[in-house]
Amino acid sequence: MAFSRIHWRYSMVVTRFAPSPTGYLHVGGARTALFCWLMARHHNGRMILRIEDTDQKRNTPTAAKQVQDDLRWLGIEWDEGPEVGGPNGPYAQSERLDIYKKYMDKLLAEGKAYYCFDTPEELKAMRDQAEKAKKSLIYRAPAVLPTEADAQKAREEGRPVTVRFAMPDKDMVITDVVRDECTFKRDELSDFIIQKSDGFPTYHFACVVDDELMEITHIIRGQEHLMNTPWHVAMQESLGFKTPVYVHMSVTMSETGGKLSKRERPKALKNIIKQTGDIDLDALTAAAGIDAEEMSRFLKGKAVPDMPVIDKMAGYLGISLPEINVVDFMKSGYLPETMVNFLALLGWNPGGDREIMTTDELIECFDISRFAKSNSLFDRKKLLSFNTEHIRMLSPEKLLFHFKNYLKIVNSVVLCDDDKLLARLVRINEGARTLADIERKCRFLFADDDDLDYDMKSVKKVLLKKDGLAMLGLVGETLKGLGELSPASIEKCLRGLAEEKEVGLGKVAQPLRVGICGNTVSPPIFDSVDMLGMDRTLNRIEITLKKFGD
RNA sequence: GCCCCCAUCGUCUAGCGGCCUAGGACGCCGGGUUCUCAUCCCGGUAACAGGGGUUCGAGUCCCCUUGGGGGUACCA
């Protein structure tokens, strides 16, 4: 195929992940980063991380750091970029302004770009007019290009001064690994802004310059950039740059339709608030730490609060929002190995029946020619099953590492320094689907005996019906007689009791479980009792009997 | 509106003109194991969007229709 010829022109594969620091890294971005990284690793090449912060309005100061943390959590390490440095720095576009100026001046001097002085209002009028003619606005250079002096004058008069790139007088044909050739007609390609009135280059310009200077060989990005490519290629031709190999990946879709986006969570939250009648809005506003005005704007769909505020509201309401950002998945107890495996299989596959793979296997079999053309839906159920599989596959050491990390992130009561205990908790929860499942089932161990969180549904079902309480008392009596405590001895004891009473083990274990854990879900009962210890087990049984006895 | 891209089970997909009576995975349904939740094991359900061509032969190539998605910014 054509592209396999293309990439041996390069001595080394260089890819780049170029996020704009507008917030947390979401799964769509993570997928793009992953493929850039797999491509680089498979070919023993380099991956560059570049921060595209040319929009002064949208950038948030902590976002770049957050994105880097999320990439690292996934195990995606860049060879060049922020924090690691490299020969092609700086790696934030806002620090490369002087570089762009050089190329901007060149284009201007050669008449390949030109000044514009339109106000937003004037532009809108032009667009409206074009729309009436059932076309989109195609901006073209005036017959006589404005001079530097004209630009200076406009600046003094307070008019906005932008620079547009003059599209060449021809159709553009671009080559894409996923879609082969795409042709764009000259009539459809407007001259576009490459320098904003604030003096910053637009993404299009900065990206083309940087990709050349950083010697990027393969650009892997979302299909939403396909329409930008003729512009980029036109600039490359004008500046005498090489054209890299383009790989436009299909888009990841949400179950609710449309591109999976960060707006999903606020949207879901808003819907829940609106659909649930009896929510104390004042309390919610207070819990979120915002004012009534902002809450009202949010509910009317006029403003979207920051993610931490959204999280606080969800926390207050006790609901979980669909995970979108990498941190969301982290907090839901997914493993990085799961995310990498799952994301790699969205719009890409190694062929045949292979699905569950380690990261090393993915690197090994990654092949740029195996991207799917069609969009794919993010299926959370399948993700869950992948996580179950990876939890099973991972070594106890790695699992313990992830579990501790998880406990820290969610600030769990289970977090402690006793690695032996934590390792045991992980081990006895074999078959768990998420780290959150493990954590939830182990909380009872860390509660005070007299402050156990009883789930009333469980209590009613197991203790208050039939002779549940009586059985619990009996279990307590029987356990008292047990000398040495171990899972095996407890098992023998409880099985003996069940046999004696001619009932199934469940009839014995469930009352005990509710008695010491407060609900019907816990790790295996023998381990649960063993870990709690005899004193606390008996203590809890006594407290439970007293509490629900009459 | 205009431009571009896409189209196999509900979902992710294998398939690159005869190996397809269309394979796998998730889900779902049924059964089994089990002290709870899970896990695990067995079985089942289910797809080539529609219509034209090309060809001895089409899920695979071409065209149209329909449907979905993306773009249409001084966002990236």
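Under 3.5 Å, the side chains of A/Tyr203 and A/Ser20 contain no donor-acceptor pair of N or O atoms. For the 3.5 Å distance criterion, the side chains of A/Thr119 and A/Lys124 fail to qualify, holding no donor opposite an acceptor. For A/Asn375 and A/Ser250, the side-chain atoms include no donor-acceptor pair closer than 3.5 Å. With 3.5 Å as the limit, one finds a donor-acceptor pair spanning the side chains of A/Glu337 and A/His402. Judged purely by distance below 3.5 Å, without hydrogens or angles, the side chains of A/Asp191 and A/Tyr114 pair a donor atom with an acceptor atom. Side-chain contact annotation: A/Gln510 with A/Arg513, donor-acceptor N/O pair under 3.5 Å present. No hydrogens or angles considered: a donor-acceptor pair under 3.5 Å links the side chains of A/Arg433 and A/Thr388. For the residue pair A/Asp210/A/Tyr91, the side-chain donor-acceptor check at 3.5 Å is not satisfied.
Remark: A/Arg50 is not positioned above the aromatic ring of A/Phe17, lacking an NZ or CZ atom under 6.0 angstrom from the ring centre and at most 45 degrees off the axis.
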For this session: For nucleotides 28-49 of chain B, just jot down a letter per nucleotide in 5' to 3' order: B, S or -, based on protein non-hydrogen atoms under 4.0 Å.
Result: -------BBBBSS---------

Seminar exercise, completed: In B/S/- notation (B base, S sugar-phosphate only, - none; protein heavy atoms under 4.0 Å), nucleotides 10-15 of chain B written 5' to 3' is -BBSSS

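For A/Asp453, there are no salt bridge (Lys or Arg N to Asp or Glu O under 4.0 Å) partners, not counting sequence neighbours. Under the side-chain hydrogen bond (donor to acceptor under 3.5 Å, both in side chains) criterion, A/Thr434 pairs with A/Asp437, sequence neighbours left out.
By the neighbour-count criterion of 12 heavy atoms within 6.0 Å, atom CD of A/Glu255 is densely surrounded, having more than that number from other residues, nucleotides or ligands. Counting heavy-atom neighbours within 6.0 Å of A/Gln152 CD, excluding the residue itself, gives a total above 12.
Checking B/U66 for Watson-Crick or G-U wobble geometry (two distances, each under 3.5 Å) identifies B/A7 as its partner. B/U21 makes up no base pair with any nucleotide shown, lacking Watson-Crick or G-U wobble contacts both under 3.5 Å. Look at B/G44: its Watson-Crick or wobble partner, with both distances under 3.5 angstrom, is B/C28. Across all strands shown, B/C2 forms a Watson-Crick or G-U wobble pair, both distances under 3.5 Å, with B/G71.
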Short heteroatom pairs, N/O only, protein and nucleotides 72-76 of chain B, under 3.5 Å:
unit_1, atom_1, unit_2, atom_2, d
B/A73, OP2, A/Arg127, NE, 3.0
B/C74, O2, A/Ser197, N, 2.6
B/C74, O2, A/Ser197, OG, 2.7
B/C74, N3, A/Ser197, OG, 3.0
B/C74, N4, A/Asp118, O, 3.1
B/C75, OP2, A/Lys196, NZ, 2.9
B/C75, O2', A/Asp55, OD2, 3.2
B/C75, O2', A/Arg58, NE, 3.1
B/C75, O2', A/Arg58, NH2, 3.1
B/A76, OP1, A/Thr54, OG1, 2.5
B/A76, OP1, A/Lys196, NZ, 2.9
B/A76, OP2, A/Tyr203, N, 3.2
B/A76, O3', A/Glu52, OE1, 2.9
B/A76, N6, A/Asn228, OD1, 3.2
B/A76, N6, A/Asn228, ND2, 3.4

Table of protein N/O atoms under 3.5 Å from nucleotides 58-67 of chain B N/O atoms:
none

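Separating the CG atom of A/Asn387 from the C1' atom of B/A25 is a distance of 16 Å, rounded to the nearest angstrom. One can place CZ of A/Arg179 at 6 Å from C1' of B/C5, the figure rounded to the nearest angstrom. What separates CZ of A/Phe184 from P of B/G70 is a distance of 16 Å, to the nearest Å. Per the geometry, CG belonging to A/Asp180 stands 15 Å off C1' belonging to B/C4, to the nearest Å. In this structure, NE2 of A/His232 is placed 12 Å from C1' of B/G71, rounded to the nearest angstrom.
Using P as the reference atom, B/G59 and B/G18 are 11 Å apart when rounded to the nearest Å. The same atom, P, is picked in B/A25 and in B/G44; the two are 12 Å apart, to the nearest Å. Using atom C1' as the reference point in both B/U60 and B/C16, the two lie 7 Å apart (nearest Å). Annotation: B/U21 and B/U34 have their P atoms spaced 43 Å apart (nearest Å). Straight-line distance between the P atoms of B/U13 and B/U8: roughly 9 Å, to the nearest whole Å. When the P atom is used for both B/U55 and B/U45, the distance is 39 Å, rounded to whole Å. Only the P atoms considered, B/C9 is 22 Å distant from B/U65, to the nearest whole Å. Between B/G70 and B/U54, the two C1' atoms lie 32 Å apart (nearest whole Å).
Considering only heavy atoms from C-beta on, A/His248 comes within 4.5 Å of A/His225 through its side chain.
A ring-centre distance under 6.0 Å is found for A/Phe378 and A/Phe342.
When each of A/Met253 and A/Lys185 is assigned the nucleotide of RNA chain B bearing its nearest heavy atom, the one mapping closer to the 5' terminus is A/Lys185. Positionally, the nearest nucleotide of RNA chain B for A/Cys182 lies more toward the 5' end than for the other of A/Cys182 and A/Val251.
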